[in-house]
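Throughout, a chain's letter reflects where its sequence line sits, starting with A, and its residues are numbered from 1.
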There are 2 protein chains.
Amino acid sequence: MNTSHWIWYPGDFEIYHGMLQNFSREERGFIWPAYYHLDDCRKHVRFTREYDLEKEETVTVYANCLGYYRINDVKKRFGEPVVCGPGKQKFEIYAGMPAGVPSVRIEGETIISDRGWMADDFVSNPVPVGYNEIYTRREQDPSVWVYDEKEYLPTEVHEDETGVLFVFETELTAILKAEFPEGFREMTLCYGESETEARDTVNCYYSQTLHAPEDEIIRRAFRYVFVPDAHKDEISIKAVHQYVDIPVRAAFSSSDALINKIWDVAVWTFQLCSGIFFIDGVKRDRWIWSGDAYQSYFVNQYLMFDEDINRRTLWALIGNSPIRQHINTIVDYSMYWVIGILNHYRMTGDEEFVKAIYPRMAEMMDFLGGQLDENGFIVGREGDWIFVDWADMDKTGAICAEQMLLAMCYRTMAQADELVKGDGSAWEKKYEALTAQIEKFYWNEEKGAYIDSFSSGKNSVTRHANIFAILFGFADDERKELLMKNVIENDEIPQITTPYFKFYELEAMCAMGRFGAVKAMMESYWGGMLSQGAVTFWEEFDPEKKPEEQYEMYGDPFGKSFCHAWAASPIYLLGRYFAGISLADTAYKSFVVKPETETFETMNCTFPVKGGLVSVKWDEKMLTVESSVAGGTLVYGGKKYVLEPGKPVQTTK
Amino acid sequence: MNTSHWIWYPGDFEIYHGMLQNFSREERGFIWPAYYHLDDCRKHVRFTREYDLEKEETVTVYANCLGYYRINDVKKRFGEPVVCGPGKQKFEIYAGMPAGVPSVRIEGETIISDRGWMADDFVSNPVPVGYNEIYTRREQDPSVWVYDEKEYLPTEVHEDETGVLFVFETELTAILKAEFPEGFREMTLCYGESETEARDTVNCYYSQTLHAPEDEIIRRAFRYVFVPDAHKDEISIKAVHQYVDIPVRAAFSSSDALINKIWDVAVWTFQLCSGIFFIDGVKRDRWIWSGDAYQSYFVNQYLMFDEDINRRTLWALIGNSPIRQHINTIVDYSMYWVIGILNHYRMTGDEEFVKAIYPRMAEMMDFLGGQLDENGFIVGREGDWIFVDWADMDKTGAICAEQMLLAMCYRTMAQADELVKGDGSAWEKKYEALTAQIEKFYWNEEKGAYIDSFSSGKNSVTRHANIFAILFGFADDERKELLMKNVIENDEIPQITTPYFKFYELEAMCAMGRFGAVKAMMESYWGGMLSQGAVTFWEEFDPEKKPEEQYEMYGDPFGKSFCHAWAASPIYLLGRYFAGISLADTAYKSFVVKPETETFETMNCTFPVKGGLVSVKWDEKMLTVESSVAGGTLVYGGKKYVLEPGKPVQTTK
């Protein structure tokens, strides 16, 4: 970062665009803002820095907002070159704006706006500024996000007596451009993720009647567009797909054509849901949900390895100070936010980010800490939502899954304190104490499982806490197998019904080596969607239901999202457990490749790691693994092989 | 309020426009935002209400923002008429916007947006909505303030070899409109509150070069406009004065022509500084300063009796939650804000406002309460400004004037608690305890005065705390006379040098019957400005300085504001102490008229009271007093006369 960047108060950029994101949900002619509190960013900030110049130089301060600045207490105007130096130059920049992200950009020779500048909001202590590699050019405005664009023409156009249907090759998030070869007349565009939706001119999610040819059409998610009572000669449309260009760095193919197709569709699903932020779905909700985002961090790590979308999402989720409400009102979602920072740090080694967001983590821990009971367990307050999952679960008093997340928050803070203060032992102690309490209050020897609630006396067992016990390591290896038997593979325990929590269950199964069962689930669940014509993966899928019964959700005939981020989990499972790539130390300083070569006959795939790529390839006879970076160890057939950068390791299968 | 109003979260309207106000200070080609933290209003709010309709009616919800609403959980679009009822109708309106004041307006028969609606921000408990009598029409947008306008043509146009000077009859806050009879060419408009300033094309505060005839010219404060290197045939200008139309309800004339002129100029000065909010000055700072506003509440009471500008100013000053900084960073200004609410309540009986702002008062008292020392005295924290006045004062540790203001805050809270909770005794006790502490630590028997600081051991006496002791009644009558002798009339005590604190000193002198001295001060100080050509009263005036030395302040050659609200204090002094009108009970339920007929030979004046007017008139022989409302008592010549509405009381002088 030794070029000039636009700089702002850290988090402001993400908080502002996050607010806009949460204001972007459209439904049948209105905007549905999120049902929880939304913060805007600061509207008035100060940037400061001191330089000691060896020689004179010319500097210009640009701003996207109102204000002025001082050099050595002399007032200056934005946008006018100023000669300063030699000697000490004390800069103070005052930036305000009623709407947007107050930002400045400084162009000099040695004096430029980079991360050496500090920001404050006239109350807080100065902190290093926020910036983004996307905003480095003078003509940009950080209040405005400019999407990449790609034009799509319909691949099919069908006309019948009811109107004309345009079909695109896949789902898009696009602005429609309409032309009227025979002259304009009023027409209505009815959108659909499915043909059925587009043709239902009353119940389709989005529709817009054009009253004039120049009517603005906003960005929407769709694959089908139906124009009732029109002929195909009267209107032609194209779609300008707007997206954030985050390169896919992984590749996958195997001997299993269905899984290959699942991979491709999962990739497109995930790309559509990875915009400025990780959102849940592109038609609905378009909100930033912390629980959904937490799963996206995993998929991102194995697909795009984009560090900035993690950061943007984490800043947007926490919003502005003070914390007055749980993220998305959900207690577990606040905790996923904390733990998500640990995931991000372990993936990236992004110390700068952890240090920048650390005060907000501390604030969140205070907020969480304000609702602990006498056992140190977290319990809901009025207005809090103890979610965990859409499942019939005993939520009396303090419940087990929440305590396990809290313990992981303590573990996260131990790591963060280690980084920021050099000592994480205080949080480590809390972690130890809480895990002991979990063991004492929730482990039920008789059932051989963790119970949801101890205070109700019901001792009921569901899958959720037991999955966490496997994934987060609260159970040792012996107990993990017990949990598989007593819970995960016990049909008497109610099944997980949401793809959201299915993610964790499948991961637990992978972790416990149930690869065949996981592959079978991919084939039946994701493969089932494909067999019903899916071009992106859905929010939910019941293989028992016929295609025409798939649209309804939440009591809305087209309520279900047909492109939902959490449905992209096969990407993560394939990379983490079948290719078998896992980090052992922060930022892949060391990592392990432990391919599962039994389930697939052949596989040829590449996954990103920090700073490079790892390819894993096997055919009927040979396994070949290559890493472009150091630190890797291939673990296979009871042996370990050091992966030297650029040097393939080959072994018989 | 039984017509439909625009409604918003209480305070949001004022916080948003207050932010814009504090972003409106211009200086030499840049905007100088206030140096302290500025809040924006909420960007996402919910409005709720339940109705039980006897019969069906049609309702339309309008919004200036994005969102939707639900009736009995069924989603509806803004702007579309909906038939609802009969029976229970549960309304929930979701309103969001990235910039501005999210607001809605509901039009039905019985269902309208009035004060019966509740608002919340998804975290706070629902509270009665905010509204304003100005915003009642559908086509309005509460994010936009529309000024009243009046066109002024220059009264003089002078041309010489340097350019052309346009002179207006008085100072204005106007948008200039320029025409170019001989065709457009690039020209520069140089503004001045004085001719000297306008002619100083380098140092004048505002100037703007027109590069095209349609260049936008913003609202500025000026009396003179100089266009260098232009001829009067080339350019003609007019000024569109933009103002908030707050009627003046007082009138004054006396046997003293100079005082009459002072009155007129003070009125215009105050009108210019009374816009959306009470601001300090019209050229500079255009910020809302709590200490300045506190004085404006007094003048307003006797000149315009406009309740809403008080409310608007008080909401804008406190900003959004949480309180993180003292108002304008100044500890005393936070306390004037609290006390200002008592003044407003006593003047107006505005229970609705006190109840609405009460949570913020409580929050401010918590904030103040967090910085008390072991004696219960308030002391500054890092970043706090203990101002009191620009004066050489011993500010070691806890200082006396601040404790007196704190005591008045306690008194205010006692009244507010009485109103909101029915019992103010807890705050009354704090008041008693603090006044006892003030007596113990600050009263110096030897000096016969209150000292500034006890912790320094210097026992130094300045006027400020002693003035407060008189005005706020910490001293009894006997001690007040002692303070007059030992402090106010003691030339060894350094003089007050600012018109800001001079306000309080003059009031104290009036309260102590020093009418002649006060009138003499008006003649020398305010009369002195007039003799130097003032058309509005200045931020500061040193009669010793020549006219050409009057422009400089704060090290800036034209830094002094020539139209400053606090210079309008004669209005208050004349009404309160010479006409002698004072309220005895909240909202003038009872009030006293005690004219001071000795200082002026004749006087004929009218001043507002709650709901009416009181006229006080005397000539050489007779005094006539009339009130349009009940509750008044004339106290004169040792007698009391009941003032019955509309019935003049006459007595010999």
**Q** Starting at CG of L66(B), measure out to OG of S24(A) and round the result to the nearest 0.5 Å.
**A**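 Here the rounded value is 10.0 Å.
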
**Q** For chain A, which of E27(B), R42(B), K76(B) has the most heavy-atom pairs under 4.5 Å?
**A**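 Ranked by heavy-atom pairs under 4.5 Å with chain A, first place is E27(B).
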
**Q** Given the options M19(B), M97(B), R46(B), R77(B), which has more heavy-atom pairs under 4.5 Å with chain A than any of the others?
**A**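 Going by pairs under 4.5 Å, I would pick R77(B).
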
**Q** In terms of heavy-atom proximity below 4.5 Å to chain B, should Y36(A) be classed as side chain, backbone, both, or neither?
**A**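 Only the backbone of Y36(A) comes within 4.5 Å of chain B.
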
**Q** What are the two closest heavy atoms between P98(B) and D40(A), and how far apart are they?
**A**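 So the minimum-distance heavy-atom pair works out to O-OD2, 3.7 Å.
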
**Q** Just verifying a value: how many Å separate Q325(A) CD and D121(B) CG, rounded to the nearest 0.5 Å?
**A**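 One gets 8.5 Å once the value is rounded to the nearest 0.5 Å.
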
**Q** Minimum heavy-atom separation for P33(A) and G67(B), please, with both atom names.
**A**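 Looking at all heavy atoms of both residues, the closest pair is CD-CA, 3.8 Å.
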
**Q** More than 12 non-hydrogen atoms from neighbouring residues, nucleotides or ligands closer than 6.0 Å to CD on E216(A), yes or no?
**A**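 Atom CD in E216(A) is not crowded, with 12 or fewer foreign heavy atoms closer than 6.0 Å.
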
**Q** Fit a plane to each ring of F23(B) and H44(A), take the angle between them on a 0 to 90° scale, and name the class: parallel (under 30°), tilted (30 to 60°) or perpendicular (over 60°).
**A**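 Perpendicular.
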
**Q** For a 4.5 angstrom cut-off between non-hydrogen side-chain atoms, does R324(A) reach S124(B)?
**A**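 Side-chain contact under 4.5 Å: yes.
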
**Q** Tell me, out of T329(B), D120(B), V123(B), who's got the most heavy-atom pairs with chain A below 4.5 Å.
**A**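 Option with the greatest count: V123(B).
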
**Q** Go through the atoms of L38(A) and report whether side chain, backbone, both or neither lie under 4.5 Å from a heavy atom of chain B.
**A**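 Answer is both: backbone and side chain atoms of L38(A) are under 4.5 Å from chain B.
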
**Q** What residue in S321(A), G79(A), A34(A), A95(A) has the most heavy-atom pairs under 4.5 Å with chain B?
**A**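 Among S321(A), G79(A), A34(A), A95(A), the one with the most close pairs to chain B is A34(A).
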
**Q** Report which part of E80(B) has an atom under 4.5 Å of a heavy atom belonging to chain A: side chain, backbone, both, or neither.
**A**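 For E80(B), no heavy atom lies under 4.5 Å from chain A.
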
**Q** Tell me, do K75(A) and W32(B) make a side-chain contact under 4.5 Å, heavy atoms counted?
**A**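 When only atoms from C-beta onward are counted, W32(B) and K75(A) do touch, with a gap below 4.5 Å.
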
**Q** Counting only non-hydrogen atoms closer than 4.5 Å, does R28(A) touch chain B with its backbone (N, CA, C, O), its side chain (CB onward), both, or neither?
**A**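 R28(A) touches chain B through backbone and side-chain heavy atoms alike.
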
**Q** So which atom in F122(A) and which in Y35(B) form the shortest heavy-atom distance, rounded to 0.1 Å?
**A**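 What the structure gives for the nearest pair is CD2-O, 3.0 Å.
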
